[in-house]
Amino acid sequence: MKTIKEAWKAAVAAAVADLLREKGADPSIAAAVVAETPPDASMGDIGFPMFPLAKPLRMGPPQIAVALAERMASSKAPDGVAKAIGPYLNVFVDRASLAAAVLSARSSGEAYGRSASLAGTRIMMEFSSPNTNKPLHLGHLRNDALGESTSRILKANGAEVLKINLVNDRGVHICKSMLSYMAYGEGRTPDGEGMKSDHFVGDYYVKFNDLKKEDPKAEEKAQELLVKWEAGDPETIALWKTMNEWAVGGIRKTYERTGISFDKYYYESQIYLTGKEEVQKGLASGAFFRAPDGSVRIDLSPIGLEEKVLLRKDGTSIYMTQDIGLAIHRHNDWPFDRLVYVVANEQQYHFKVLFHILASLGYEWARNLYHLSYGLVNLPEGRMKTREGTVVDADTLLDSLRELAIEEIQAKGREDAVGDMAETAEKIALGAVHYYLAQATPAKDMVFNPKESLSFNGNTGPYIQYMGARISSLLRKRDLGEGKASQGTVRPELLTAESEWELVRLVAAYPEAVELAGAEYNPAVVAAHLYAIASAFSKFYHDEPILTCDDADIAATRLALSEAVLVVLKNGLRLLCIPFLEAM
RNA sequence: GCGUUCGUAGCUCAGCUGGAUAGAGCGACGGACUUCGAAUCCGUAGGUCGCCGGUUCGACUCCGGCCGGACGCACCA
């Protein structure tokens with residue numbers, strides 16, 4: 001579709017340039033013609049507004065459209081016709097040729113929707129970044145889904161992507177769960193208690209609140225424990241290691257469950273001291289300065305901010321120091337063209353400053369750092385709060401969604417048709433969550449309504465999965481010899497119904513959606529497109545007989561269209577980390 | 001106070017980067033299964049796109065100012 005659009009755009013621009021020359025106007029403005037999509041297929045497939053040409057041509061937009069339509073009719077144009085519709089010049093592309101192109105998507109398989117728009121670009125994606133004192137919650141699920149699916153989308157556009165996870169495994173919050181375990185643990189283990197290990201650790205972190213009530217010095221003691229940890233106290237390190245293994249082990253299980261993976265893990269405990277040297281270098285080069293109190297700072301007035309401390313007067317580093325060192329360290333590990341940080345929008349200031357600092361140090365690649373900022377996930381009752389116990393934990397959420405999916409399968413009596421019911425239910429649950437998270441624009445805060453995501457109706461992941469399952473069912477039946485499709489010939493020109501044409505257009509436009517999603521780091525673009533296709537297919541399926549069609553050629557062609565739709569659904573769902581289901 | 005960001009149907013979200021009558025889903029109401037899977041489809045109701053100006057042939061979209069919410073403005077991470 002893209003190439004067709006561009007061919008028409010070039011043809012229209014050429015005709016406009018001719019017209020401008022005839023009228024003695026500057027022909028160079030013809031290059032600025034814009035191609036858009038008319039609101040309704042009955043108005044054409046590509047639209048060119050004539051308004052901007054009115055002044056230079058000293059003609060009304062409708063007359064310009066007419067003049068151009070005549071000119072294009074006699075000249076050599078791509079397949080299709082251009083018509084004047086009011087102040088627009090609209091192109092009706094040749095349906096048979098576009099349909100033929102769309103049906104060929106079947107043989108492209110997984111390659112359909114890939115582009116080379118980012119070929120040769122190395123992109124490092126940092127996401128998830130869990131703390132090792134508690135299990136993942138709903139907010140992490142948004143981060144993970146955004147990071148993983150954006151990575152897949154970038155790869156689909158030809159980029160080489162390295163996914164990395166920075167585990168926050170040190171600090172006073174980690175010490176709190178350790179202190180709490182020292183007080184209440186009595187040598188218990190996750191295995192002994194039959195608990196998922198990250199939840200086990202998380203429970204002790206929560207119990208720290210009890211500890212504070214019993215022991216007013218608990219906060220102080222946590223600080224002291226951190227000092228012991230930094231000093232390398234063997235007993236402290238041993239407990240820290242044990243509890244971290246529990247936490248990280250459990251978190252990794254959740255990643256496996258949700259289909260998230262990383263190419264490389266970084267641990268904060270191993271790198272939190274890096275960056276000091278870089279700050280010293282910056283001091284030497286004059287990018288930073290030493291304040292009267294002895295601390296090292298940077299003047300941020302060039303970006304409209306004040307000063308930022310980079311090294312304390314005692315020479316110890318802070319969060320920013322660490323991130324400076326880490327970015328440089330990573331670029332040495334794997335020289336990237338771009339580095340994308342998937343981090344909540346509350347850290348916008350941090351990244352703005354970080355990027356400026358790295359640029360001040362003279363790193364060329366610092367210009368291609370990007371903070372993929374996303375909003376909070378709230379509940380209908382308001383914000384999730386650890387203290388109030390309103391945090392929706394990821395495993396529990398998936399468990400309850402799975403239970404609901406099982407109930408639904410049972411209610412429809414599809415236990416046998418589905419095969420492994422537990423596995424199917426799990427995939428539906430994952431589809432529900434990942435789609436719900438994907439369909440919202442990343443930058444915005446969103447409300448997660450558990451009840452709504454469970455409904456499996458309307459604009460949801462399961463709805464899209466369902467359309468995939470229906471098409472799969474048609475293909476199974478065809479393979480079993482049902483219907484006449486296998487005796488017919490696929491003839492693209494037979495796709496004449498409006499619902500068929502709508503599907504052709506949407507399948508044809510899918511690669512552009514993937515490209516746009518990549519350019520914007522926005523999986524919601526793919527989600528919206530998939531829903532549009534699923535919805536259009538549902539209408540088509542309802543209105544037109546496919547397998548049961550009497551005409552063998554029509555049956556074969558409609559089935560071929562369904563297969564093309566299936567290719568898009570499969571490819572698109574994969575980009576969104578939503579499992580595809582043959583049956584549900 | 002300053003900065004960033006968001007404000008579209010009762011609720012949850014789209015709106016192709018400035019174009020044609022502002023769209024979906026949920027919820028409400030009313031229809032469609034002896035026929036390829038009804039986890040579906042069709043219809044009705046519901047909007048001064050927060051408010052006021054500006055730029056433009058044209059603004060939900062860009063600019064300015066208000067109003068309202070969120071998040072920042074650490075020698076915490």
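Lettering follows sequence order; numbering is per chain, from 1. The analysis underlying the following values was restricted to heavy atoms, covering all of them including side chains, and did not include hydrogens, waters or symmetry mates.
- To the nearest angstrom, C1' of B:U12 lies 18 Å from OH of A:Tyr463.
- Within the nucleic acid shown, A:Met446 comes within 4.0 Å of sugar-phosphate atoms alone, with no base atom in reach, counting heavy atoms only.
- Side-chain atoms of A:Asn90 come within donor-acceptor range of the base of B:A20, with a qualifying N/O pair under 3.5 Å.
- Look at A:Lys427 and A:Glu423 and you find a salt bridge, because one of the NZ, NE, NH1 or NH2 atoms lies within 4.0 Å of a carboxylate O, short of that distance.
- Closest to the A:Gln347 side chain, of the nucleotides B:A77, B:A70, B:A39, is B:A77.
- Taking atom C1' in both B:C36 and B:U44, one finds a spacing of 30 Å when rounded to whole Å.
- Of the candidate nucleotides B:A77, B:A70, B:G7, B:A70 has the atom nearest to the side chain of A:Arg383.
- Looking at A:Phe351, A:Tyr341, A:Tyr521 one by one, the single match for ring pair (Phe, Tyr, Trp, His ring centres under 6.0 Å) with A:Tyr370 turns out to be A:Tyr521.
- Using a 4.0 Å heavy-atom distance criterion, A:Ala469 is classed as a base contact.
- In this structure, of B:C75, B:G25, B:G37, it is B:G37 that holds the atom nearest to the side chain of A:Lys477.
- Geometrically, A:Lys83 engages A:Phe92 in a cation-pi contact defined by less than 6.0 Å to the ring centre and at most 45° from the axis.
- Here A:Ser535 lies out of heavy-atom contact (under 4.0 Å) with every strand.
- For A:Arg297, whose side chain is taken as the heavy atoms from C-beta onward, the closest listed nucleotide among B:U4, B:A14, B:C75 is B:C75.
- Taking syn as a glycosidic angle within 90° of 0, B:C16 does not qualify and is anti.
- Shown here are the side chain to side chain contact (heavy atoms under 4.5 Å, CB included) partners of A:Asn457, two or more places apart in sequence or in another chain: A:Ser455.
- Using a 4.0 Å heavy-atom cutoff across all strands shown, A:Glu544 reaches at least one base atom of the nucleic acid.
- A stem is defined here as three or more consecutive Watson-Crick or G-U pairs, each with both distances under 3.5 Å; for RNA chain B these stems are B:1-7 with B:67-73, B:10-13 with B:23-26, B:28-32 with B:40-44, B:50-54 with B:62-66.
- As judged by a 4.0 angstrom heavy-atom cut-off over every strand, A:Ala443 is placed among residues making no nucleic acid contact.
- Atom C1' of B:U8 sits at a distance of 9 Å from the matching atom of B:G15, rounded to the whole Å.
- Here the side chain of A:Asn459 is nearest to one of B:C71, B:A39, B:G25, namely B:G25.
- Taking atom C1' in both B:G64 and B:C26, one finds a spacing of 38 Å when rounded to whole Å.
- Distance noted for atom P between B:A20 and B:G58: 15 Å (whole Å).
- Between A:Lys55 and A:Met584, the residue anchored nearer the 5' end of RNA chain B, judged by the nucleotide with its closest heavy atom, is A:Met584.
- Comparing B:A24, B:A74, B:A20 by their closest approach to the side chain of A:Met43 singles out B:A20.
- Using a 4.0 Å heavy-atom distance criterion, A:Phe51 is classed as a base contact.
- Taking the P atoms as reference points, B:C57 lies 25 Å from B:G50, given to the whole Å.
- Look at the C1' atom in both B:C60 and B:A9: the space between them is 14 Å, to the nearest Å.
- Between A:Tyr463 and A:Tyr466, the gap from one ring centroid to the other reaches at least 6.0 Å.
- Side-chain atoms of A:Ser473 do not come within 3.5 Å of backbone N or O of A:Ala469 as any donor-acceptor pair.
- Using modelled atom types, one side-chain atom of A:Ser177 and one backbone atom of A:Ile174 make a donor-acceptor pair closer than 3.5 Å.
- A:Ser295 is not listed as a side-chain neighbour of A:Leu311, based on a closest heavy-atom distance of 4.5 Å or more.
- Counting only heavy atoms from C-beta on, A:His542 has its side chain closest to B:C41 among B:A39, B:C75, B:C41.
- A:Pro61 comes within contact range of no nucleotide atom at all, as no heavy-atom separation falls under 4.0 Å.
- If you check every strand for non-hydrogen atoms under 4.0 Å, A:Ser538 touches sugar and phosphate atoms only.
- Residue A:Lys539 has its side chain nearest to B:C42 when only B:A39, B:C42, B:G37 are considered.
- For the pair A:Arg170 and A:Tyr272, the cation sits on the ring face: its NZ or CZ lies under 6.0 Å from the ring centre, inside 45° of the axis.
- Residue contacts shown for A:Ile409 include a base, since a base heavy atom lies under 4.0 Å away.
- Listed by residue number, A:Pro545, A:Ile546, A:Leu547, A:Thr548 are the residues of residues 545-563 of chain A with a heavy-atom contact under 4.0 Å to RNA chain B.
- In this structure, A:Glu268 reaches the sugar-phosphate backbone alone: every heavy-atom distance under 4.0 Å involves primed, P, OP1 or OP2 atoms, never a base.
- When heavy atoms are screened at a 4.0 angstrom cut-off, A:Tyr541 is found touching base atoms of the nucleic acid.
- Among the atoms of the strands shown, base atoms are found under 4.0 Å from some heavy atom of A:Pro52.
- With both ends at atom P, the span from B:U61 to B:C73 equals 31 Å, rounded to whole Å.
- As judged by a 4.0 angstrom heavy-atom cut-off over every strand, A:Lys412 is placed among the base-contacting residues.
- Map A:Thr460 and A:Tyr436 each onto its nearest nucleotide of RNA chain B; the residue landing nearer the 5' end is A:Tyr436.
- The listed nucleotides are B:U12, B:C75, B:C13; the one nearest the side chain of A:Glu452 is B:U12.
- Contacts of A:Ile428 with the nucleic acid, taken as non-hydrogen atoms under 4.0 Å apart, include base atoms.
- The separation of B:U21 from B:C13, taken at their P atoms, amounts to 29 Å, rounded to a whole angstrom.
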